[in-house]
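Below: the structure, in structure tokens.
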Amino acid sequence: MPLKIYNSLTRQKETFEPIHPPYVGMYVCGPTVSGESHLGHARPFITFDVVYRYLMYLGYKVRYVRNITDAGHFEEEGRDAEDKISKKAVLEKLEPMELVQKYTNLYHWAMSRFNNLPPNIEPTATGHIIEQIEMIKTIIADGYAYEANGSVYFDVEKYNTDFSKKGQPYGILSGRVLEDQMENSRDLDNQEEKRNRSDFALWKHAPAEHIMRWQSPWGEGFPGWHIECSAMSTKYLGDEFDIHGGGMDLQFPHHECEIAQSTVCNHKMPARYWLHNNMITINGKKMGKSYNNVIRLTEMFTGQNAMLTQAYTPQTIRFFILQSHYRGTLDFSNDALQASEKALKRLWEAHEWLSRQVVTTAATATDHILDNKVKKLVEEFDEFMNDDLNTAKVLANMFELVSIINSIKDKHLPADALSGATVTFLQKQLHAFVEEIFGLKTERTEDNGKLEGVLQLLIDIRKEAKGRKDFVTSDKIRDELAALGVQLKDEKDGGMSFTLG
RNA sequence: GGUCCUGUGGCCGAGUGGCUAGGCAGAGCUCUGCAAAAGCUUCCACAGCGGUUCGAAUCCGCUCGGGACCUCCA
């Protein structure tokens, strides 16, 4: 069964066929580094990290490009005509690039805590001003943009008229009809510069107080909201590439404008498959700055936010996101996060135990029904992922397997119930899906060597105490370690294990 | 106002018309020096009304509720 993904452009699931197999080009809209990332931002980056990992698992050679927007984008267009980044820089008495660097660093730190793989190319908007200007020049030359008072606007109506004939009207992605837009578009300042209200800026004239500014054929200014993605995706992935991703809220106008710009310049729809993840909500409302309900990632990790009853690890959040399908909304709550925390721990412990088992491949199964069930559950991992990346269903199967693994571990099921080949297959696929594709990892990593040695010593002493029925000593060790957050667990075979936190 | 999505058990969440998703929480049991962990069993469900169908959470209609986009937004 081949990979099928839901294409926002056609509004249906389609079989994924790369333009130039085995190569795959994927562009994902990255962050605007004018502030801290919040929980909502985590979703696309984790979702598309899993897409990236899964494509590689399937054997594709992927070039994953995710930009950093470190220039442009208005707080409120026209009102003070001030660049968001430069505005904040003034307030904080910082150099714009100092601010950009600070939030870029924070963003990279959060990405690595989530165990997101770095993209192959992470281009910045400020590093591609020339490419953007060149693209704007082409659009003007082709007659789809015009200059007004040092700014350049895209002529949406002309584009729509001409490209509707080619089956690609403005609004093709979001399903909007330009005529409706014209009537309902909100009143904005600087409208008088535009020929039509739906026209959007490619280049903005910089007023005197604007700090971030570049020379252009139209005077000093800075690029418009959408042109950077067109310029950078074209430069690194070509006129036509495979996958374009981002949050659903970018579908309009951002991705719609990207399509228009790129199509004029390159005479092609830029991407074949458009993937959009849904929003994270909180109390049913989208988490976003306009709603004043964001929880920043640093707050998630420390618990320092009034909406949080505790801190959550990056892996808990990653698991939480993977438990739902990426196209549905996902509601945040402490209860839900706590459930994820426990579930992840259970999954991880079973996976870890199983991966330590040495298997005799030649062994045959004594329980053929169970053996077949396990094989089926594992084989379905691929099947579910191929059905529009249904990570939730894969996890459901994993938990059925966790029960079986734990039963064997606790000797409720005989060790030879499964064939060696099945156990090896299970080990291999669990490793592939849990670690390589879902990108989950254990939280306890560093300085474990010495600590584990000390713990093992305590465990040995406790075992000896138990052996001579000195429960005062054994309970003391257990309880005091528990108070420090180290949980000891007696196992069936007289062994003992521990978990931190 | 326009376009679209959505309503699943205490909570979160999958669900291709017919077969208990799964997780967390609750109850009982097993194991255990006691716990914890784990296993087994179990409770709780498809917003409402009507229609199609042998059969609907799943298709259609209506009603009610929630949300997103139309403006920077992941």
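Just so we're on the same page: letters track the sequence lines, and every chain starts at 1. Note that the coordinates shown come from a computational prediction; the quantities given were computed from them, not determined experimentally.
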Whole-Å gap separating P (B/C73) and CD (A/E258)
11 Å

Name the residue closer to the 5' end of RNA chain B, choosing between A/K285 and A/D249 according to the nucleotide with the nearest heavy atom.
A/K285

Separation between the P atoms of B/U3 and B/G61, rounded to whole Å
15 Å

Any strand counts, and the cut-off is 3.5 Å on both contacts for Watson-Crick or G-U wobble. Which nucleotide pairs with B/A14?
none

Are A/K376 and A/E379 within salt-bridge range, i.e. N to O under 4.0 Å?
no

Can you find a donor-acceptor pair, distance only, under 3.5 Å between A/R478 side chain and B/A35 base?
yes

Between B/C44 and B/G22, how far is it from one C1' atom to the other, in whole Å?
16 Å

Taking the same atom, P, in B/A47 and in B/A21, what whole-Å distance lies between them?
15 Å

Could you tell me how far apart A/D388 (CG) and B/G15 (P) are, to the nearest whole angstrom?
9 Å

Give none if B/A57 has no partner; otherwise give the nucleotide forming a Watson-Crick or G-U wobble pair with it, both distances under 3.5 Å.
none

With stacking defined as ring centroids separated by under 5.5 Å and planes differing by under 30°, is A/F399 stacked against B/G23?
no

Provide, to the nearest angstrom, the distance between the CG atom belonging to A/L395 and the C1' atom belonging to B/G15.
15 Å

By nearest atom, which of the nucleotides B/G33, B/G15, B/A74 is closest to the A/D475 side chain?
B/G33

Reckon A/N278 has a side-chain N or O less than 4.0 Å from the OP1 or OP2 of B/C5?
no

What contact category does A/S290 fall into here, base, sugar-phosphate, or nothing, at under 4.0 angstrom with non-hydrogen atoms?
base

Spell out, as yes or no, whether a donor-acceptor pair under 3.5 Å connects the side chain of A/N293 to the backbone of A/G288.
yes

OP1, OP2 of B/G39 versus side-chain N and O of A/H412: anything below 4.0 Å?
no

So, A/T69 and A/E228: side-chain donor and acceptor under 3.5 Å apart, yes or no?
yes

Could you tell me the Watson-Crick or G-U partner of B/C4, where both distances fall under 3.5 Å? Say none if there is no partner.
B/G67

Near RNA chain B, which residues from residues 332-342 of chain A have a heavy atom under 4.0 Å away?
A/D335, A/A336, A/A339, A/K342

Applying a 3.5 Å limit to both distances, which nucleotide forms a Watson-Crick or G-U wobble pair with B/A21?
none

Is there a donor in the side chain of A/Y326 and an acceptor in the side chain of A/D388, or the other way round, less than 3.5 Å apart?
yes

Under a 3.5 Å threshold, yes or no: a donor from one side chain and an acceptor from the other, between A/S403 and A/N406?
no

Taken in chain and number order and not counting sequence neighbours, the residues that satisfy ring-ring contact (aromatic ring centres under 6.0 Å, His included) with A/F381 are A/F433

Rounding to a whole Å, what distance do you find between A/L370:CG and B/G39:C1'?
14 Å

Counting only side-chain heavy atoms from C-beta out, which of B/A68, B/G33, B/G13 sits nearest to A/Y291?
B/A68

Output yes when at least one side-chain N/O atom of A/N406 is less than 4.0 Å from OP1 or OP2 of B/G39, else no.
yes

Once you apply a heavy-atom cut-off of 4.0 Å, does A/M287 come out as touching a base, just sugar-phosphate, or nothing?
base

Between B/G26 and B/G10, how far apart are the P atoms? Round to whole Å, please.
15 Å

Once you apply the 3.5 Å cut-off to both distances, tell me the Watson-Crick or G-U wobble partner of B/U52, or none.
none

For B/G13, does the base pair up with any side-chain atom of A/D331 as donor and acceptor (N or O, under 3.5 Å, distance only)?
no

Return the pairing partner of B/U42 with a 3.5 Å limit on both distances, Watson-Crick or G-U wobble; otherwise return none.
B/G26

From B/G22, B/G33, B/A14, pick the nucleotide closest to the side chain of A/K466?
B/G33

Interatomic distance, A/L173 CG vs B/C69 C1' [rounded to whole Å]:
12 Å

Would you please say whether a donor-acceptor pair under 3.5 Å links the side chains of A/E256 and A/S174?
yes

Same-atom distance (C1') from B/A68 to B/C29, integer angstrom:
48 Å

Please tell me if A/R346 has a side-chain N or O lying less than 4.0 Å from either OP1 or OP2 of B/G39.
yes

Enumerate the protein-to-nucleotides 40-46 of chain B contacts in which both atoms are nitrogen or oxygen and the separation is below 3.5 Å.
none

Once you round it to whole Å, what is the distance between C1' of B/U20 and CG of A/N397?
15 Å

Distance, C1' atom - from B/U32 to B/U42, rounded to whole angstrom:
23 Å

Looking across every strand, which nucleic acid part, if any, lies under 4.0 Å from A/L330 by heavy atom: base, sugar-phosphate, or nothing?
sugar-phosphate

Lys/Arg cation over aromatic A/Y6: A/R327, 6.0 Å, 45° cone:
yes

When rounded to whole Å, the CG to P distance for the pair A/N293 and B/A74 reads 13 Å

Can you measure A/K469 atom NZ to B/U32 atom P for me and round it to whole angstrom units?
12 Å

When the C1' atoms of B/C59 and B/U16 are considered, how many whole Å apart are they?
13 Å

Nucleotide nearest A/N277 when distance is taken to its side chain, options B/G22, B/G13, B/A74:
B/A74

Which part of the nucleic acid does A/H325 contact within heavy-atom distance under 4.0 Å: base, sugar-phosphate only, or nothing?
sugar-phosphate

Would you classify A/G246 as touching base, sugar-phosphate or nothing, given that sugar-phosphate means primed atoms plus P, OP1 and OP2, and contacts are heavy atoms under 4.0 Å?
sugar-phosphate

Regarding A/N277 and A/T47, do their side chains bring together a donor and an acceptor under 3.5 Å, going by distance alone?
no

Would you say a side-chain N or O of A/K411 is under 4.0 Å from OP1 or OP2 of B/G39?
no

Find out whether the Lys NZ or Arg CZ of A/R66 is both under 6.0 angstrom from the six-membered ring centre of A/F45 and within 45° of the ring's axis.
yes

Using the P atom as the reference point in each nucleotide, state the distance between B/C62 and B/C5 in Å, no decimals.
14 Å

Before accepting this row, confirm whether a basic side-chain N of the pair A/R53/A/D49 lies closer than 4.0 Å to the acidic partner's carboxylate O.
yes

With sugar-phosphate meaning primed atoms plus P, OP1 and OP2, does A/D387 contact a base, only sugar-phosphate, or nothing at under 4.0 Å between heavy atoms?
nothing

A/S474 or A/G328: which one's nearest nucleotide on RNA chain B is closer to the 5' end?
A/G328

State, without any angle test, whether A/H255 and A/H276 hold a side-chain donor-acceptor pair at a distance under 3.5 Å.
yes

Does A/R113 count as lying over the ring of A/F301, i.e. NZ or CZ under 6.0 Å from the six-ring centre, within 45 degrees of the axis?
yes

Side-chain H-bond candidate by donor/acceptor type, A/E157 with A/S198, under 3.5 Å
no

